[in-house]
Amino acid sequence: MERQASVEMVPIYMQDVYEPTAVAIAKQARQPFKFKTYPRDIVDGDEAPVSPSKSQRVQTVTKAAATEYLSRVLHLEQPMEAPAMYDHSFVTSSELALIVNERFASNISGNQAERWVSATGLFGDRSQPRNESTQRQRGRRLFIMKKSYRDQLPRTSLDDLKSYLRSHQLTTIGFARKSETGTKTRERIRSLTSMVEELESMGCTDIYASLADASEPLITAQSTLPEELATNIPGLKGDGKAFIRRLAASTTRTRVVILDWAGLSTDVGHMRKFLMAAESLDEMIVKEKNVFHVLTIEQLQQNDVLKKFHCRRGFPQRSGVV
């Protein structure tokens, strides 16, 4: 009882916000999309916050995440590469906040965005208003990436990814694949456990795993996990066969998360067959080092995207186990 009393708890809800409960902070951090915390309102400065769409749940965003994103989409000088992707516009503080809020489903104010941007020194000083006949607003003339291109940028942090998941809600499941050769049972358990924990941190509510080589056909090669693995990996929903069956039979639109381009298969032909069989698949997220690629089913069917799965030239460390 003394040990239980010393555990730090956090208020959470699971489905209904009007049914609060509490779990250990560490447990909530491991499964943030299963144990949802109540968001704190953000009111900063004397300027009204710039809100995202009503369908989006308000989230916090860190200064580091916001300014890193702004540095990717705003430039003082015209970018040499793909200049057609940018407009040269006068950007006010409120518009800075809107760009951040659209990306992170946050609700920061123009004043907050201005303080963060000014502190970076990357975008110059604010200048005179663009239209003297309207309310005076100061801003900067910048090259801003068009929204259609901003929406296609990969997510570059876990916070960035979580913001996307919260504002684009789908059933999210993960898949972990471990090669069957060259490792002992204990090492496989450690490796797959690490993968499952990482997928949980990326918002997956159900996670499946298999022992199979990346070159094997996805639909036929994902055999049942040995009992010593299936019973010793916390959070595991099922094996590869169960994963395929779920995507083929489910009527719920589903997002699949994998831990690198070789996480499913390195054979383009096998990937095409998988996409045809996975009728409920709506979107896939591929983690590549510290970048998260969000791909729609339409993008997954494009040849230039499929070729990225044909990638295994080495053995990337997906699980933290060498």
Side-chain angles (χ1 to χ4, degrees), residues 33 55-56 65 68-69 72-73 82 85 102-105 145-177 195 198-210 212 214-215 217-219 222 240 243-244 246-248 250-313 316 318:
F33 290 86
S55 64
Q56 296 177 335
E68 189 277 335
Y69 173 62
R72 296 164 66 198
V73 302
M85 293 170 54
E102 286 177 341
R103 178 70 170 188
F104 295 95
M145 183 181 289
K146 297 175 181 177
K147 188 176 185 306
S148 59
Y149 295 105
R150 298 201 304 267
D151 290 344
Q152 297 178 36
L153 288 176
R155 306 278 160 167
T156 56
S157 69
L158 193 56
D159 285 343
D160 194 0
L161 175 67
K162 288 179 178 179
S163 297
Y164 173 81
L165 297 180
R166 288 170 179 136
S167 59
H168 298 77
Q169 295 191 4
L170 288 174
T171 297
T172 303
I173 65 176
F175 184 75
R177 183 192 56 77
M195 291 181 186
E198 184 170 7
L199 288 167
E200 285 179 339
S201 75
M202 293 168 63
C204 298
T205 54
D206 293 326
I207 299 169
Y208 301 82
S210 76
S215 62
L218 272 164
I219 296 176
Q222 310 290 20
F243 172 70
I244 297 295
R246 174 166 180 167
L247 289 174
S250 177
T251 58
T252 303
R253 305 313 300 169
T254 303
R255 171 192 293 121
V256 168
V257 181
I258 57 177
L259 297 179
D260 63 50
W261 291 103
L264 282 173
S265 176
T266 57
D267 187 287
V268 172
H270 296 164
M271 282 300 302
R272 286 198 176 97
K273 291 179 181 178
F274 166 74
L275 294 174
M276 291 178 63
E279 295 188 4
S280 66
L281 180 64
D282 206 58
E283 184 178 276
M284 185 177 293
I285 294 177
V286 182
K287 181 183 179 185
E288 183 182 20
K289 296 182 179 179
N290 294 321
V291 174
F292 305 91
H293 301 272
V294 180
L295 303 164
T296 65
I297 186 65
E298 292 79 16
Q299 290 173 319
L300 287 166
Q301 293 167 344
Q302 297 173 5
N303 288 332
D304 59 335
V305 174
L306 282 171
K307 289 178 181 177
K308 294 182 180 180
F309 291 93
H310 185 59
C311 61
R312 182 52 60 84
R313 291 179 292 273
R318 293 195 303 274

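In this chain, numbering begins with 1 at the start of the sequence shown.
When all heavy atoms of G269 and D267 are compared, the closest pair comes out as N-OD1, 2.9 Å. Residues L306 and V268 approach most closely at O-CG2, 3.6 Å, considering heavy atoms. Heavy atoms only, all atoms of each residue included: W261 and K308 are closest at CB-O, 3.4 Å. The minimum heavy-atom distance between I285 and L161, with the atom names listed, is CD1-CD1, 3.6 Å. Counting all heavy atoms, side chain and backbone alike, S250 lies closest to S280 at O-CB, 3.3 Å.
Inter-residue side-chain proximity for D206 and R246 is flagged as met; some heavy-atom pair is nearer than 4.5 Å. The side-chain heavy atoms of S210 and F175, taken from C-beta on, include a pair separated by under 4.5 Å. Proximity of H270 to F309: side-chain heavy atoms (C-beta onward) are nowhere separated by under 4.5 Å. Residues L165 and R255 form a side-chain contact, since some pair of their non-hydrogen atoms from C-beta on lies under 4.5 Å apart. F243 places a side-chain heavy atom less than 4.5 Å from the side chain of V256.
Other residues, nucleotides and ligands contribute more than 12 heavy atoms inside 6.0 Å of the CG atom of D304. For NZ of K307, the number of neighbouring non-hydrogen atoms (other residues, nucleotides, ligands) closer than 6.0 Å is 12 at most.
Residues that satisfy the ring pair (Phe, Tyr, Trp, His ring centres under 6.0 Å) test with Y164, not counting sequence neighbours, are H168.
Checked by atom type and distance alone, the side chain of R253 pairs as donor or acceptor with a backbone atom of L281 at under 3.5 Å. Of the possible donor and acceptor atoms, one in the side chain of H310 sits under 3.5 Å from a partner among the backbone N and O of T266. Using modelled atom types, no side-chain atom of T156 and backbone atom of P154 make a donor-acceptor pair closer than 3.5 Å. Of the possible donor and acceptor atoms, one in the side chain of R177 sits under 3.5 Å from a partner among the backbone N and O of A262.
Atom CG of L300 is separated from atom CZ of R272 by 12.0 Å, given to the nearest 0.5 angstrom. Atom CG in D260 sits 8.5 Å away from atom CD in E288 (nearest 0.5 Å). Distance CD/Q299 to CD/Q152: 6.5 Å, rounded to 0.5 Å.
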